[in-house]
S.K.: 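Below is a structure I'd like to ask you about.
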Amino acid sequence: MDQRFFQLTGTDVQKYSWIIPPDAMIAVGELVVVTDENPGIRYFARVTGIGHDVQSGGFLVHALPIGCTGPDGIFRKPRTMPPLHSPVRSLDTKETLLLRRFMGELEVGYLMSGNQQITTLPVGIPAQALNQHLGIFATTGMGKSNLMKVFCASAINTRKSGILLTDPHGEYATGEPGSPSSRGLVHHPLAPEGLSVFTIRDARIADEYGMKPLQICYNDLSIADLGLVFDLTQSEYEVVNLLLPFQTSDIIDFFVNEQVESLPSHLRTTAYIGNQQDIAQRIRSGSPDALRLVQRQVRTLLDLTSGFVHEKNSSLPEILAALDANKVVLIDIPGISDAAELFILSAISRAVFKEKQHRFIGQGSTGNQGTVLICIEEAQRVLSQRSEKTGIFREIAMEGRKFGLGIGVITQQPKNIDQRVLAQMNTLFVMGLADRQDREIIASSAKHDLRVLDTEIQTLDRGDVIISTIGIPFPVSCHIHHFEAYLDRLWESASGFT
Ligand SMILES: Nc1ncnc2c1ncn2[C@@H]1O[C@H](COP(=O)(O)OP(=O)(O)OP(=O)(O)O)[C@@H](O)[C@H]1O
C-alpha cells in the first residue's frame, strides 16, 4: 500500500473494509494498521480480499483484524473495533519492531506484506514448538527442499533442538546432484559442530565431507515394520504377530537360513533341526503361504539394505548422542528404495522414541530436557488413515510430545494424512496447495483460522509460505530465504562481516 491514508468505511469486529482509488496499489496479504486515536488503540489487520467498487470506480478492500495494542503496549486479540472513518495506513518502523518480538529463534525467511518482503522482520519458529509437531504442506516445485535446508541451517545455528532427516535424493548434505551452484548443509559454517551426516556413499566422498558411514544392525530393526513397507494379508499379519516376542537377529537368521516350506507344520510331527527351535515351534500354526511371503519380504528388505544393514554394527548410539547434543542428523541415503528408506527411518525413530520414553519413565520430565524433531517426507506413506500402515510414527504423533519428541510431517497430500495426527500439530507451513479439499483440511486443523486466507494461499508463489504456529499470535506470511543466499549471510556473520 502506498503511504496515503484511507478511511474505514465499514467494520465488524472480524472484518474491516475501505475503498481505495483506482490508481492506488494494494495486495492480498498486505498488513495495515487502523488507528483509533482517542483511546490510543492500533488495530493490525491483513488484507484478505479486493474487489471493484462500482460506485466510486475504485477498489473495495477487505481485511482481517489480527490483533491490537492499547496504551499499555500489550498485543491482544481484537475484541473492540475502530470507529467508522478511522485512518488506515501501512505499518511504521515501531509497529514492525513490535511484531518482530513474537518471532522465534529458528529463522526461515522474511515477513511478507502483500508483494513486499520486510527485510527488517525475519520470521522464525520458536524452538519449543518442535516437540508439538510440525506440518509442511507443499505442492511439488514450491520450494519444500529449499525450506528444509534453511530450517536445518537455522537449527545448526541455534542448537536448541535435535532434528533427524532422511534424504533419499542426496540433495541436503552436499547440494542438488548435477547442479554445481547448489550447496548443502555440509557447507554451513557451523557444520563441524552442529551437523552429523550418516551416509551410504563411498568412503572417499564420506571422508571429504566429514560424513560417517551409516550402519544399522539386525536388532535395530523390527519385524512389525514389514506392515509399514509391504501390503500384508491378514495371514501375514498373524505370522508377524507370532514373531514379535523374538529378537530380530534370530528372526533374520531363521528366514535367511531356513526354507520355510520344509518346516514341520502343526499337523506333522517331524522334528525341526535348525538353530531357531523356539521360532519354528511358534510359527508352526502360521499359514504356509503367509510364511513363504514373509520370508521373501524379509530377504528382499535385506537385499535392498545390504550396504548398511549388518548383523552387529550400529550407528544408533552415535545418532542418539548427536540428537541429544541438539545437532541436525542427516541420514544421507541417495538412490535407496522407498521401502528401505521407510524401514530404516522407522528403526531410528523407534530407537529415539524408546530412549526418550525410557528417560521419561526413569527420571520424569527432568530426564527429557532436549527436544527432537523427526521429519518424514511424503508422510502420507506412513500416516494415512490406515492404522496398520502407521507403526511407530503414529505413536510419536500421539505420545511423543510429553517426552520432548515431535514429528515433522511433510506432504503434498494433507487430505491423505490421518486427521487425528493433523490435529496434534501446533505448527503448520502451507506452501501453495492447489486442491481445495487439501486446503480445507489444513484450515480446519490449524490453530489459527486459515479459512479466511484461502485467496492468499492460492496466490502463493514459489518460496512463499503461510505459517501458523504457537507463540506467534496470528498466521504469518513469509518468503523463505534462498538457501545459498542464506548460507552466504551465515558465512558473513561467522567471519564478522555483518
Ligand atoms: N525461497 C526461495 N527463493 C528463491 N528460490 C527458491 C526458493 N525456494 C525454492 N527456490 C528455487 O525453486 C526451485 C525448486 O525448489 P525446491 O527444489 O526446493 O522445490 P521442491 O518443492 O522441493 O520441489 P520437488 O517437490 O520437485 O522436490 C529450486 O531451483 C530452488 O532453488
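Values in this document were obtained by computation on a predicted structure and should not be read as measured data. Read the numbers this way: they start at 1 and go in the same order the structure lists the ligands and their atoms.
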S.K.: Just checking, any donor-acceptor pair under 3.5 angstrom between side chains of Q132 and N426?
M.R.: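 Judged by distance alone, the side chains do pair up.
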S.K.: According to side chain to side chain donor-acceptor pair (under 3.5 Å), does anything in residues 327-345 pair up with another residue at least two apart or in another chain? List the pairs.
M.R.: T166-E341, T199-D332, R201-D332, D338-R381, E341-R381
S.K.: What protein heavy atom is closest to atom 3 (N) of ligand 1, reported as residue, atom name and distance in Å?
M.R.: H479 NE2, 3.5 Å
S.K.: Which protein non-hydrogen atom lies closest to atom 18 (O) of ligand 1, naming both residue and atom, and how far is it?
M.R.: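 Checking every protein heavy atom, the shortest distance to atom 18 (O) of ligand 1 gives N146 N, 2.9 Å.
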S.K.: With a cutoff of 4.0 Å, is G141 in contact with ligand 1, counting heavy atoms of the residue only?
M.R.: yes
S.K.: How close does the nearest protein non-hydrogen atom get to atom 1 (N) of ligand 1, and which residue and atom is it?
M.R.: I480 O, 2.7 Å
S.K.: Any idea which protein heavy atom is nearest atom 26 (O) of ligand 1, and the distance to it?
M.R.: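 The protein heavy atom lying closest is T140 OG1, 3.1 Å.
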S.K.: Are F44 and F75 an aromatic pair, judged by ring center distance below 6.0 Å?
M.R.: yes
S.K.: Pairing donors with acceptors under 3.5 angstrom, does anything connect the side chains of E484 and H187?
M.R.: no
S.K.: Please determine whether salt bridge (Lys or Arg N to Asp or Glu O under 4.0 Å) holds for the pair R420 and D418, giving the CA-CA distance in whole Å, both sets of side-chain angles, and the decisive distance to 0.1 Å.
M.R.: CA-CA 5 Å; R420 284 162 297 181; D418 188 337; 3.0 Å; yes
S.K.: Hey, is E484 one of the residues with a heavy atom under 4.0 angstrom from ligand 1?
M.R.: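 It does not, in that no heavy atom of E484 comes within the 4.0 Å cut-off of ligand 1.
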S.K.: Tell me: protein heavy atom nearest atom 29 (O) of ligand 1, and distance?
M.R.: R462 NH1, 4.8 Å
S.K.: Once you restrict to heavy atoms under 4.0 Å, what part of M142 touches ligand 1? Side chain, backbone, both or neither.
M.R.: backbone
S.K.: Under 4.0 angstrom from atom 11 (C) of ligand 1, is there any protein heavy atom?
M.R.: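 Under 4.0 Å from atom 11 (C) of ligand 1, at least one protein heavy atom found.
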S.K.: What protein heavy atom is closest to atom 22 (O) of ligand 1, reported as residue, atom name and distance in Å?
M.R.: S145 OG, 2.6 Å
S.K.: Please round to the nearest 0.5 Å and tell me the distance separating atom NE2 of H310 and atom OH of Y218.
M.R.: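 Those atoms lie 9.0 Å apart.
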S.K.: If I take atom CG from residue L345 and atom CD1 from residue I333, how far apart are they, to the nearest 0.5 angstrom?
M.R.: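 It is 8.0 Å, given to the nearest 0.5 Å.
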S.K.: Considering non-hydrogen atoms of the protein only, which is the closest contact for atom 16 (P) of ligand 1, and what is the distance?
M.R.: G143 CA, 3.7 Å
S.K.: Any luck finding a side-chain donor-acceptor pair between E456 and S477 under 3.5 Å?
M.R.: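 Yes, because at least one side-chain N or O of E456 sits under 3.5 Å from a partner of the opposite role on S477.
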S.K.: What protein heavy atom sits nearest atom 6 (C) of ligand 1, and how far off is it?
M.R.: H482 CD2, 3.7 Å
